[in-house]
Amino acid sequence: MIEQKLLEKACECVKQLYGQEVVQNQIGLEKTKKEIAGDFTLVIFPLVKISHKSPEITAREIGDALLKSMPEIADFKVIKGFLNITLSNPFWIGFLKNNTNKRDFGFQRKQHQKPVVLEYSSPNTNKPLHLGHIRNNILGYSLAEILRANGYKVIRVNLVNDRGIHICKSMLAYHKWGNNETPVSSGIKGDHLIGKYYVLFNEHYKAEIHNLMDKGLTEEEAEKQAPLILEAQDILRKWEAKDDETLKLWEKMNGWVYAGFDETYRKLGITFDKIYYESATYLLGKKLIKEGLENGTLIEKDDGSVWADLRNEGLDEKLLLRSDGTSVYITQDIGTAQLRFDDFHPSSMIYVVGNEQNYHFDVLQRILKKLGKEYAAYIHHLSYGMVELPQGKMKSREGTVVDADDLMEEMFANAESTTRELGKADELGGNEADQLFRTIALGALKYFILKVDPKKNMLFDPRESIDFNGNTGPFIQYTHARIQSLLRKSMVAGNVHTCEKISLHTPLLPIEKEILKKLYIFPDVVKQAGDEMSPAVVANYVYDLAKGFNQFYQEIPVLKEEDTEKRILRLALTSFSGEVIKKSMAMLGIEVPQKM
RNA sequence: GGUCCCGUAGCUCAGCUGGAUAGAGCAACAGCCUUCUAAGCUGUGGGCCGCGCGUUCGAAUCGCGCCGGGAUCACCA
């Protein structure tokens with residue numbers, strides 16, 4: 001890495017010139033601003049204390065010394081305390097020749113020993129997936145790709161919340177009013193069908209509450225005493241007691257939901273390596289809690305409920321088992337964490353879960369630590385922000401929840417109409433065209449969401465999401481298609497795509513060097529995205545690269561360049577840009593077309 | 001009320017491990033297709049970087065205090 005070498009040499013020069021050791025982080029190294037001549041800039045303000053000379057003179061002295069000791073440096077210019085260094089053409093062209101066509105350019109070659117377990121999606125089986133889940137899923141999938149590029153073995157897991165009071169509500173509603181309806185008999189996708197009964201439960205439940213309140217109960221009392229909720233709780237107890245009939249209904253209904261989820265995941269292009277079910281992990285959670293109770297780290301109250309006391313850690317008491325012995329949400333999370341650790345012995349366990357659960361994960365980690373689990377320290381909550389709509393938060397009560405299946409359908413229809421209007425589907429067969437529409441629709445949707453910093457809340461404006469111009473997925477896909485078109489035509493024209501022929505001393509236009517500089521930082525981008533667990537880093541980078549390539553493409557000829565040496569150089573740049581765009585998009589879980 | 005997150009152009013977002021005149025896209029306006037894909041490119045206008053104080057040679061970036069918005073603190077998940 002040339003940056004490392006620049007810093008090392010700069011330190012040596014400082015020592016030679018001023019007789020004092022400096023550490024590298026006393027010198028700031030950054031990319032030179034676009035408007036200023038130079039490739040890298042050393043910020044030497046901090047060194048004037050050592051040189052006892054003005055910033056300009058100090059910069060010039062260091063620049064002179066560097067120029068002598070590093071053949072890669074062609075020139076430098078000093079502006080105030082900024083030493084702007086220009087690297088030689090042989091350096092840049094050498095970089096191009098050494099890295100284009102390299103399968104692993106930008107990726108970490110060294111593999112970490114222990115795997116990372118990455119959880120995302122984590123749906124409840126009482127309703128279909130919505131826009132919030134889409135953010136979760138594509139974040140998780142992308143993060144897996146990014147970590148993989150950083151040399152981690154990633155085990156992608158899904159944790160299905162298939163048990164609990166919410167499922168019992170759907171079951172009860174179906175039992176009462178379902179008339180043995182099935183996805184087949186109703187023509188409704190399984191997850192949507194179950195969602196319908198969850199809504200139905202809540203409608204009736206609300207009516208009962210109003211009824212009781214009319215009879216003089218407080219809202220809180222009414223919520224607890226409504227017959228429907230009591231029945232649902234009864235079903236939960238029966239379920240935990242393994243009541244045969246209850247289990248049968250539960251299995252049947254969950255089966256429908258899974259079929260529905262599978263379809264949605266398939267359409268979204270989301271996959272998992274392993275699926276955990278809460279129904280299979282909550283017992284282990286209970287067992288661990290019992291152990292904690294026996295060794296005194298947890299406490300049992302008079303009514304039989306079990307708690308973790310976190311008050312001396314600045315938090316509150318946390319319920320772990322209800323007084324009737326049934327388990328709550330965190331019970332299974334304790335079991336699941338143990339199971340994951342036993343299954344994979346990972347170096348870290350990452351959970352992609354919304355920031356509304358920050359407190360939950362804080363508590364989970366502390367409880368596991370209290371229970372003496374070393375893997376408590378491995379837990380990392382990738383907390384992402386809420387997705388809001390122009391009219392505000394999504395509310396199921398107000399029917400403003402954006403359904404995942406509907407949304408993808410709309411995106412697809414939109415990709416189709418826009419593509420047809422532009423006449424880009426004219427030469428494609430039906431299958432091929434559908435594939436392209438799907439690629440563009442998903443590209444638009446995924447990029448729209450991933451370009452935003454995960455930890456921030458984001459606004460999902462449907463009007464903007466179907467815009468395919470500017471900073472969008474389709475813009476980047478289009479750039480890739482343009483590149484491939486150029487390369488195809490180049491082959492036909494008989495150009496040789498070997499960059500070995502390029503002379504290290506071929507002159508470089510500023511626009512060509514701009515692209516090279518963007519390509520040069522790709523490995524840093526991959527690392528930064530991994531360190532920060534942020535697909536947005538990759539998204540913003542690949543947009544910048546695509547934009548840069550389009551400028552290059554528009555400003556100067558590639559195939560039509562008559563000078564062979566220049567033409568081959570530009571083709572190599574084109575091909576390299578295409579490779580990096582493709583790799584970046586792959587890290588976002590987005591496909592790039594050959595034509596569009 | 002306690003804890004945590006966010007506040008940058010009309011709108012959506014970058015930049016935040018301190019550095020040069022704060023960047024994109026959308027929207028508005030003006031140009032560029034007989035030449036490699038116009039889902040493109042070029043240009044114009046648009047900013048007390050929420051407010052104040054502090055640290056520093058230097059603050060959108062770090063610290064403290066306000067103001068505004070959000071999340072959470074369930075025998076819900």
Side-chain angles (χ1 to χ4, degrees), chain A residues 25 28 30 32-36 41 43 45-46 48-49 55 79-82 84 122 124 126 161 164-167 224 233 278 301 303-307 314-316 318-324 326-330 332-333 354-360 362-363 383 385-386 388 390 393 415 418-419 421-422 424 440 444 448 451-453 455-461 463-464 467-479 481-490 493 528 531 536-537 539-540 543-544 546-547 550-561 570 574 595-596:
Chain A
N25 57 20
E30 47 201 63
T32 305
K33 290 184 63 152
K34 218 177 175 178
E35 318 80 64
I36 293 167
T41 295
V43 183
F45 289 103
V48 296
K49 276 181 234 151
I79 303 174
K80 291 191 268 183
F82 300 98
N84 301 308
S122 327
N124 291 341
N126 63 336
N161 275 296
I165 190 71
H166 54 292
I167 313 302
K224 284 182 179 162
Q233 285 164 350
E278 183 180 330
K301 296 205 171 171
D303 62 5
S305 56
V306 179
W307 300 72
L315 302 180
D316 212 333
K318 178 72 185 176
L319 176 87
L320 301 177
L321 289 177
R322 295 192 184 96
S323 51
D324 67 3
T326 58
S327 54
V328 291
Y329 182 54
I330 202 165
Q332 60 78 27
D333 252 334
N355 62 13
E356 62 206 343
Q357 294 194 35
N358 286 356
Y359 182 77
H360 171 79
D362 193 15
V363 167
S383 159
M386 299 289 97
E388 282 161 26
K393 292 184 58 179
T418 307
T419 305
E421 269 169 39
L422 290 170
K424 306 237 183 193
I440 294 170
F448 188 83
K451 73 176 172 183
V452 181
D453 183 346
K455 69 171 187 286
K456 289 189 179 172
N457 287 355
M458 67 168 290
L459 184 91
F460 186 87
D461 186 339
R463 279 202 325 265
E464 267 185 58
D467 185 356
F468 298 161
N469 301 310
N471 190 356
T472 66
F475 166 84
I476 299 162
Q477 291 172 321
Y478 172 71
T479 308
R482 263 183 158 179
I483 288 172
Q484 297 314 315
S485 166
L486 209 50
L487 295 175
R488 278 192 304 270
K489 287 191 173 160
S490 168
Q528 192 195 344
D531 290 348
V537 170
N540 288 308
Y543 169 67
D544 189 53
K547 182 153 181 65
N550 276 316
Q551 287 164 348
F552 162 84
Y553 178 89
Q554 210 94 7
E555 272 182 40
I556 58 171
V558 178
L559 277 180
K560 304 206 164 171
E561 171 57 52
R570 288 176 197 170
T574 301
K595 295 179 188 171
M596 75 182 268

Peer 1: Does A:Ile165 reach a base, just sugar-phosphate, or nothing at all? Heavy atoms under 4.0 Å.
Peer 2: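 Sugar-phosphate: the residue A:Ile165, judged by heavy atoms under 4.0 Å, touches backbone atoms but no base.
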Peer 1: What is the nucleic acid contact for A:Tyr553, judged by heavy atoms within less than 4.0 Å: base, sugar-phosphate only, or nothing?
Peer 2: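 Base, at least one base atom sits under 4.0 Å.
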Peer 1: Could you check whether the rings of A:Tyr543 and A:Phe475 sit parallel, tilted or perpendicular, using 30° and 60° as the cut-offs?
Peer 2: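 Because their plane-to-plane angle lies in the 30° to 60° range, the rings of A:Tyr543 and A:Phe475 count as tilted.
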Peer 1: If you apply the rule side-chain contact (heavy atoms from CB on, under 4.5 Å), what do you find for A:Glu356 with A:Met386, and how did you get there?
Peer 2: CA-CA 8 Å; A:Glu356 62 206 343; A:Met386 299 289 97; 3.7 Å; yes
Peer 1: By the 4.0 Å heavy-atom rule, please label A:Gln357 as base, sugar-phosphate, or nothing.
Peer 2: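 Base, at least one base atom sits under 4.0 Å.
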Peer 1: Using the C1' atom in both, what is the distance from B:rG68 to B:rC49, to the nearest Å?
Peer 2: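 Taking atom C1' in both B:rG68 and B:rC49, they lie 16 Å apart.
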Peer 1: Measure from the ring centre of A:Phe45 to the centre of the six-membered ring in the base of B:rG19, then say whether that distance is under 5.5 Å and the planes meet at under 30°.
Peer 2: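 A:Phe45 ring centre within cut-off of B:rG19 base, planes near parallel; stacks.
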Peer 1: Give A:Pro46 one of three labels, base, sugar-phosphate or nothing, depending on what nucleic acid heavy atoms sit under 4.0 Å from its own.
Peer 2: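 Here A:Pro46 touches the bases of the nucleic acid.
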Peer 1: Could you measure between the two C1' atoms, the one in B:rC6 and the one in B:rA14, and give it in whole Å?
Peer 2: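 It comes out at 16 Å once rounded to the nearest Å.
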Peer 1: Expressed as a whole number of Å, how far does the P atom of B:rU44 sit from that of B:rC62?
Peer 2: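 The answer is 32 Å between these two P atoms.
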Peer 1: Would B:rC32 be called syn or anti, given that syn covers angles within 90° of 0?
Peer 2: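 Anti for B:rC32; the angle lies over 90° from 0.
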Peer 1: Measure from CG on A:Asn550 to P on B:rG25 and round the result to the nearest Å.
Peer 2: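 Roughly 12 Å, once rounded to whole Å.
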Peer 1: Do A:Arg322 and A:Asp324 meet the salt-bridge criterion of a basic N to acidic O distance under 4.0 Å?
Peer 2: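 No, A:Asp324 and A:Arg322 are not salt-bridged.
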Peer 1: How long is the line joining CG of A:Asn25 and P of B:rG19, in whole Å?
Peer 2: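 Result: 15 Å.
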Peer 1: With hydrogens left out and only the distance checked, is there a donor-acceptor pair under 3.5 Å joining A:Asp316's side chain and the base of B:rA74?
Peer 2: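 It does not, because no donor-acceptor pair links the side chain of A:Asp316 to the base of B:rA74 below 3.5 Å.
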Peer 1: Using atom P of each nucleotide, how far apart are B:rU37 and B:rG18 to the nearest Å?
Peer 2: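 Each nucleotide's P atom is 45 Å from the other's.
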Peer 1: Please give the distance between the C1' atoms of B:rU21 and B:rU17 as a whole number of Å.
Peer 2: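 Those two atoms are separated by 24 Å.
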Peer 1: Could you state the CD-C1' distance from A:Gln484 to B:rU37, rounded to the nearest angstrom?
Peer 2: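 Going from CD in A:Gln484 over to C1' in B:rU37 covers 13 Å.
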Peer 1: Could you tell me whether A:Val558 contacts a base, only the sugar-phosphate backbone, or nothing, with contacts defined as non-hydrogen atoms closer than 4.0 Å?
Peer 2: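 A:Val558: base contact, heavy atoms under 4.0 Å.
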Peer 1: Side-chain donor or acceptor of A:Thr472 under 3.5 Å from a matching atom on the base of B:rA39?
Peer 2: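 A donor-acceptor contact between them is absent.
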Peer 1: Is there a side-chain contact between A:Lys80 and the phosphate of B:rG58, meaning an N or O under 4.0 Å from OP1 or OP2?
Peer 2: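 For A:Lys80, the contact criterion (side-chain N or O under 4.0 Å from OP1 or OP2 of B:rG58) is not met.
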Peer 1: Quick one: A:Leu315 CG to B:rC73 C1', roughly how many Å, whole number?
Peer 2: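 For the pair A:Leu315 CG and B:rC73 C1', the rounded distance is 9 Å.
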Peer 1: Look at the side chain of A:Lys424 and the base of B:rU37, then say whether one donor and one acceptor between them are separated by less than 3.5 Å.
Peer 2: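 Answer yes: a donor N or O sits under 3.5 Å from an acceptor.
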Peer 1: Quick one: label A:Leu487 by what it contacts on the DNA or RNA (base, sugar-phosphate, nothing), any heavy atom closer than 4.0 Å.
Peer 2: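 Nothing: the residue A:Leu487, judged by heavy atoms under 4.0 Å, touches no strand.
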Peer 1: If you go through the side-chain atoms of A:Thr41, does one of them form a donor-acceptor pair with the base of B:rA20 closer than 3.5 Å?
Peer 2: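 Such a pair is found, so the answer is yes.
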Peer 1: A:Tyr359 near the nucleic acid: base, sugar-phosphate alone, or nothing, with a heavy-atom cut-off under 4.0 Å?
Peer 2: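 Touches sugar-phosphate only.
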Peer 1: I'd like the C1' distance from B:rA28 over to B:rU72, given in whole Å.
Peer 2: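 Taking atom C1' in both B:rU72 and B:rA28, they lie 42 Å apart.
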Peer 1: Measure the distance from CZ on A:Arg482 to P on B:rC33 and round it to the nearest whole Å.
Peer 2: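 The answer, rounded to whole Å, is 15 Å.
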Peer 1: Can you tell me the distance, in whole Å, between the CD1 atom of A:Ile36 and the C1' atom of B:rG19?
Peer 2: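 For the pair A:Ile36 CD1 and B:rG19 C1', the rounded distance is 11 Å.
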Peer 1: Do any side-chain nitrogens or oxygens of A:Ser485 fall under 4.0 Å of OP1 or OP2 in B:rU37?
Peer 2: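 For B:rU37, OP1 or OP2 has a side-chain N or O of A:Ser485 closer than 4.0 Å.
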Peer 1: Just jot down the ring pair (Phe, Tyr, Trp, His ring centres under 6.0 Å) partners of A:Tyr553, sequence neighbours excluded, or say none.
Peer 2: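 In terms of ring pair (Phe, Tyr, Trp, His ring centres under 6.0 Å), with neighbours along the sequence ignored, A:Tyr553 is linked to no residue.
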Peer 1: Is there ring stacking between A:Phe475 and B:rG40, where the centres must be under 5.5 angstrom apart and the planes under 30 degrees?
Peer 2: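 No, A:Phe475 does not stack on the base of B:rG40, since the centre distance and plane angle fail the 5.5 Å and 30° test.
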Peer 1: Categorize A:Glu35 for me: base, sugar-phosphate, or nothing, with a 4.0 angstrom heavy-atom threshold over every strand shown.
Peer 2: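 Result for A:Glu35 = base.
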Peer 1: Considering only the P atoms, how many Å lie between B:rU61 and B:rG52, rounded to the nearest integer?
Peer 2: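 Taking atom P in both B:rU61 and B:rG52, they lie 12 Å apart.
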Peer 1: Report the C-alpha distance between A:Asn161 and A:Gln332 in whole Å, list the side-chain angles of each, state the deciding distance to 0.1 Å, and finish with yes or no for side-chain contact (heavy atoms from CB on, under 4.5 Å).
Peer 2: CA-CA 9 Å; A:Asn161 275 296; A:Gln332 60 78 27; 4.1 Å; yes
Peer 1: Which pair of heavy atoms, one from A:Met596 and one from A:Ala481, lies closest together, and at what distance?
Peer 2: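 Scanning both residues, the minimum pair turns out to be N-CB, 3.6 Å.
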Peer 1: Tell me whether the OP1 or OP2 atom of B:rG25 has a side-chain N or O from A:Lys547 closer than 4.0 Å.
Peer 2: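 Yes, because at least one side-chain N or O of A:Lys547 sits under 4.0 Å from OP1 or OP2 of B:rG25.
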Peer 1: Atom NE2 of A:His360 to atom P of B:rC76: distance rounded to whole Å?
Peer 2: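 So the NE2-P distance, A:His360 to B:rC76, works out to 15 Å.
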Peer 1: So, is A:Gln551 near the phosphate of B:rU42, with a side-chain N or O under 4.0 Å from OP1 or OP2?
Peer 2: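 The answer is yes; a side-chain N or O of A:Gln551 sits under 4.0 Å from OP1 or OP2.
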Peer 1: Quote, to the nearest angstrom, the C1' distance that separates B:rA22 from B:rC67.
Peer 2: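 Roughly 24 Å separates the two C1' atoms.
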Peer 1: What is the nucleic acid contact for A:Ile440, judged by heavy atoms within less than 4.0 Å: base, sugar-phosphate only, or nothing?
Peer 2: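 The answer is base, as A:Ile440 lies within the cut-off (heavy atoms under 4.0 Å) of a base atom.
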Peer 1: Starting at the 5' end of nucleotides 6-15 of chain B, put B wherever the base has a protein heavy atom under 4.0 Å, S where only the sugar-phosphate does, and a dash everywhere else.
Peer 2: SS----SSS-
Peer 1: Look at all strands and tell whether A:Asp333 reaches a base, only sugar-phosphate, or nothing, counting heavy atoms closer than 4.0 Å.
Peer 2: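 No contact at all - A:Asp333 keeps every heavy atom at 4.0 Å or more from the nucleic acid.
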Peer 1: Would you kindly give the CD1-to-P distance between A:Ile556 and B:rC36, to the nearest whole Å?
Peer 2: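 Spelled out: CD1 on A:Ile556 to P on B:rC36 is 15 Å.
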Peer 1: Where are the stems of RNA chain B, defined as at least 3 consecutive Watson-Crick or wobble G-U pairs with both distances under 3.5 Å?
Peer 2: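 If one scans RNA chain B for consecutive Watson-Crick or G-U pairs, the stems found are B:1-7 with B:67-73, B:10-13 with B:23-26, B:28-32 with B:40-44, B:50-54 with B:62-66.
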